[in-house]
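Bear in mind that the values here come from a model prediction, so they are computed numbers and not experimental data.
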Amino acid sequence: MTVAGGHGKGSAINQLYYPQGLFVDDDQTMVIADYSNHRIIQWKMGDTNGQVVAGGNGQGNRLDQLTRPTDVLINKETDSLIICDDGRVVRWSRRSGTTQGEILIPNIDPYGLAMDDQRYLYISDYDKHEVRRYQIGDKNGTLVAGGNSYGAGLNQLNWPTYIFVDQQQTVYVSDYNNNRVMKWNKGAKEGIVVAGGQGKGNALTQLSHPYGLFIDTLGTIYVADEKNHRVMRWPKGAKQGTVIVGGNVEGEGANQLNYPMGLSFDRHGNLYVVDWGNSRVQRFSIE
């Protein structure tokens, strides 16, 4: 079912415009990086309209503006949003009356972000082809994946997009131009291919430009396989995945996706998929 947007592309509060990343809170509240509207919009379950909670003041680099945000998460400890914005990572308080954010990390080309249980922040830099871990307040960070220029080696990434970090601080990365998902154990000098990596294609062993990523407690990988218009599930150690959503060519039917991007689960096990080309968020009950 459609749980946000779905009213065509636009900037009204019941619309999205090429959304990308999303984060689902414990109470099923979604925050969505509404890319072409240069804003973060919050959507409570069952509501017909969203609420702009960051940006929304046109495209720009003022502290009250965003430019093409790609990902967002909620930091419960500080009750704030952390946002991948153009050339910077910003923090925006969720308290009412907040009219601008603050720059956490300048001079970065961020795409995806994640936070671990110790409140370390992980950010993928698509231009440097790396993922770094940051303590809040630290501007430099520690390299945890990639960073050896772009390429297809096990110590390289090529345009990393979304990331996921588990309780052991293992970093999973959607390695977009390499059509694979990489797993970097804590302290590792190179990664392991855990999904795809068999060239670009639509076989069950292949991915075509992966985006959103989620790993459950059993190590099962869920990945938005963008150019194949599907979401795939890869059990831990499997050589191939299964299609759990979409895969029925691009379209706007309830069983179709049109360039899926971000994905997440809520605590009830429902899957949320940002359906970029349809400017909507879809929720699925997965068996």
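Residues in residues 6-31 take part in these ring-ring contact (aromatic ring centres under 6.0 Å, His included) pairs, two or more places apart or across chains: Tyr18-Trp276. Pairs of residues two or more places apart, or lying in two chains, that qualify as side chain to side chain donor-acceptor pair (under 3.5 Å) and include a residue from residues 187-212 are Tyr111-Tyr211. Note on residues 123-156: pairs passing ring-ring contact (aromatic ring centres under 6.0 Å, His included), not counting sequence neighbours, are Tyr126-Trp159, His129-Tyr150. Here ring-ring contact (aromatic ring centres under 6.0 Å, His included) pairs that include residues 30-72, with residues two or more places apart or in two chains, number zero. Under the salt bridge (charged side-chain N to carboxylate O under 4.0 Å, His left out) criterion, no residue pair touches residues 239-254, with sequence neighbours excluded.
Contacts of Gln65 classified as side-chain hydrogen bond (donor to acceptor under 3.5 Å, both in side chains), with partners at least two apart in sequence or in another chain: none. Residues satisfying the ring pair (Phe, Tyr, Trp, His ring centres under 6.0 Å) test with Phe164, not counting sequence neighbours, are Phe214. Scored by the side-chain hydrogen bond (donor to acceptor under 3.5 Å, both in side chains) test, Arg62 finds Asp64 as partners (sequence neighbours excluded). In terms of the salt bridge (charged side-chain N to carboxylate O under 4.0 Å, His left out) criterion, Arg233 has no residue partners (sequence neighbours excluded). For Arg68, the salt bridge (charged side-chain N to carboxylate O under 4.0 Å, His left out) partners are Asp86, not counting sequence neighbours. Among residues two or more places apart in sequence or in another chain, the side-chain hydrogen bond (donor to acceptor under 3.5 Å, both in side chains) test is passed with Glu102 by Arg91.
Minimum interatomic distance between Asp71 and Leu22 (heavy atoms only, all atoms of both residues): OD1-N, 4.0 Å.
The six-membered or imidazole ring of Phe265 lies near that of Tyr222, with a centre-to-centre distance under 6.0 Å.
Through side-chain heavy atoms spaced under 4.5 Å, either directly or across other Ile, Leu, Val, Met, Phe, Trp or Tyr residues, Ile163 is tied to Tyr120, Tyr122, Val131, Val144, Leu154, Leu157, Val165, Val171, Val173, Met182, Trp184, Val193.
If you check the side chains of Asp116 and Gln169, you find a donor sitting under 3.5 Å from an acceptor.
Note that CD1 of Ile83 is 9.0 Å distant from OG of Ser80, once rounded to the nearest 0.5 Å. In this structure, CZ on Arg39 lies 14.5 Å from OG1 on Thr67, to the nearest 0.5 angstrom.
Asp47 and Lys44 are not joined by a salt bridge, as no carboxylate oxygen comes within less than 4.0 angstrom of a charged side-chain nitrogen.
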